[in-house]
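As structure tokens, the structure follows; a few thoughts come after it.
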Amino acid sequence: MTRLLVSRIGQAAVVLLLAFTASFLLLQALPGDAILIKYQNPEMGLTPEQIAEIRVLYGADAPIWAQYGNTLWNFLQGSFGYSVQAGVPVNALLATNLPPTLRLASLGLVFAVLIAGVLAFAATLAPFAWLRNLLQSLPALMISVPVFWLGIMLIQIFSFRLRLVPIINPSEFQALILPVATLALPIAAPLAQILIRSLDEVQTQPFVSVARAKGASRPWVLWHHVLRNALLPVLTIAGVLFGELLAGAVVTETVFGINGLGRVTEQAVSYQDTAVLQAIVILAAVGFVLINLVVDLVAPLIDARLKNPVGASA
């Protein structure tokens, strides 16, 4: 297990370095300049010499290799630089806006798993073929719906039509209902598809027939024997889908007016605030790596067949 952990940490470091390098080069290749966008505004009345001094202060006049080295060194020290548009350290922006996004993404993932489980169990235990086919087709419909459209429709239906969820002066709980649903439904779709397929495959195994022959009911066998063996593919894809949660949070926070990383990302893209964008990319990469590391460590606890290779490498 120790060797597995060290190996995964090494792989994570490589992934983060590649993500940092790729994002740095892509952001440097973007046309335009955040400093010029802000300080060349005629209303500010700055001379070219003053703008040049500001570029020196931000390090924007240095060669690209020097900017890369300085930015990487600062990131390793936990400093993400300064936001040109906000005029504050990027760390301060993240400290203010990261918690709402993490809460939204975490709740979205939890509810996506719950929705996927309910849908998969209902489809597997459906007594009629037409009902089973209908339930199995729902994930394809859910995954094809754009996030922004889904958010707008939920507002129209549950806030304006049914008046169940207020959007003006809602409580903290009420303010999360529709955004979490908007995030969870598209993520639940692939999870449900994989879980349904995995449940069907595991149910063909001999141990399931033995359990049924002993008189156990189908729901009991499904819950106590089949589910655990069918969870591993779902757990794996759930880690991969974490990136989709963050991407969906950008759109969802914009639709619902939530102050989080989504709004910060939208503003940073508009003003080409590369320091902010670079920090958000690295944060997303760190989250992706951590969740996949947890998945790798939890997988042997779910599927006992994976313990032997892990034990052999320890």
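In the hydrophobic clustering of this structure, Trp130 groups with Leu119; members are Ile, Leu, Val, Met, Phe, Trp, Tyr whose side-chain heavy atoms approach within less than 4.5 Å, directly or through other members. Follow the hydrophobic side-chain contacts under 4.5 Å out from Trp149 and you never reach Ile143; the two are in separate clusters. Both Leu154 and Phe160 belong to a common hydrophobic cluster when Ile, Leu, Val, Met, Phe, Trp and Tyr are linked at side-chain heavy-atom distances under 4.5 angstrom. Linking Ile, Leu, Val, Met, Phe, Trp and Tyr residues whenever their side-chain heavy atoms come within less than 4.5 Å leaves Val118 and Trp220 in two separate clusters. There is no path of hydrophobic side-chain contacts, each under 4.5 Å, that joins Leu26 to Ile64.
Between atom CD1 of residue Ile237 and atom CG of residue Leu232 there is a gap of 12.0 Å, rounded to the nearest 0.5 Å. Here the straight-line distance linking atom CG of Leu176 with atom CD1 of Ile258 works out to 7.0 Å at 0.5 Å rounding. Distance check, rounded to the nearest 0.5 Å: CG of Leu72 to CD of Gln77 gives 10.0 Å. Distance check: Leu293 CG to Phe288 CZ gives 12.0 Å after rounding to the nearest 0.5 Å.
No donor-acceptor pair closer than 3.5 Å links the side chain of Ser159 to the backbone N or O of Gln156. Within the 3.5 Å criterion, the main-chain N or O of Leu134 finds a donor-acceptor partner in the side chain of Ser137. Distance alone, capped at 3.5 Å, places no donor-acceptor pair between the Asn97 side chain and the Arg263 backbone. In this structure, Ser198 contributes its side chain and Ile194 its backbone to no donor-acceptor pair below 3.5 Å. No donor-acceptor distance shorter than 3.5 angstrom exists from the side chain of Asn74 to the backbone of Ser79, with no hydrogens or angles considered. Checked by atom type and distance alone, the side chain of Ser144 pairs as donor or acceptor with a backbone atom of Leu141 at under 3.5 Å.
Just one of Ile167, Thr182, Ile152 meets the side chain to side chain contact (heavy atoms under 4.5 Å, CB included) condition when paired with Phe256; it is Thr182. Of the residues Tyr68, Phe24, Phe80, the one that meets the ring-ring contact (aromatic ring centres under 6.0 Å, His included) test with Phe75 is Phe80.
Between Val276 and Gln85, every side-chain heavy-atom pair lies at or beyond the 4.5 Å cut-off. Between Asp200 and Gln136, the closest side-chain pair of non-hydrogen atoms falls below 4.5 Å. For the pair Phe148 and Thr254, the minimum side-chain heavy-atom distance is 4.5 Å or more. By the 4.5 Å heavy-atom criterion applied to side chains, Val147 and Pro186 are counted as neighbours. Annotation: side chain of Glu266 is not in contact with side chain of Glu253 (no heavy-atom distance under 4.5 Å). With a 4.5 Å cut-off on side-chain heavy atoms, Leu94 and Leu261 count as touching. The shortest side-chain heavy-atom distance between Leu227 and Leu222 does not fall under the 4.5 Å cut-off. Side-chain contact between Leu183 and Ile187 is absent, with no heavy atoms from C-beta onward closer than 4.5 Å.
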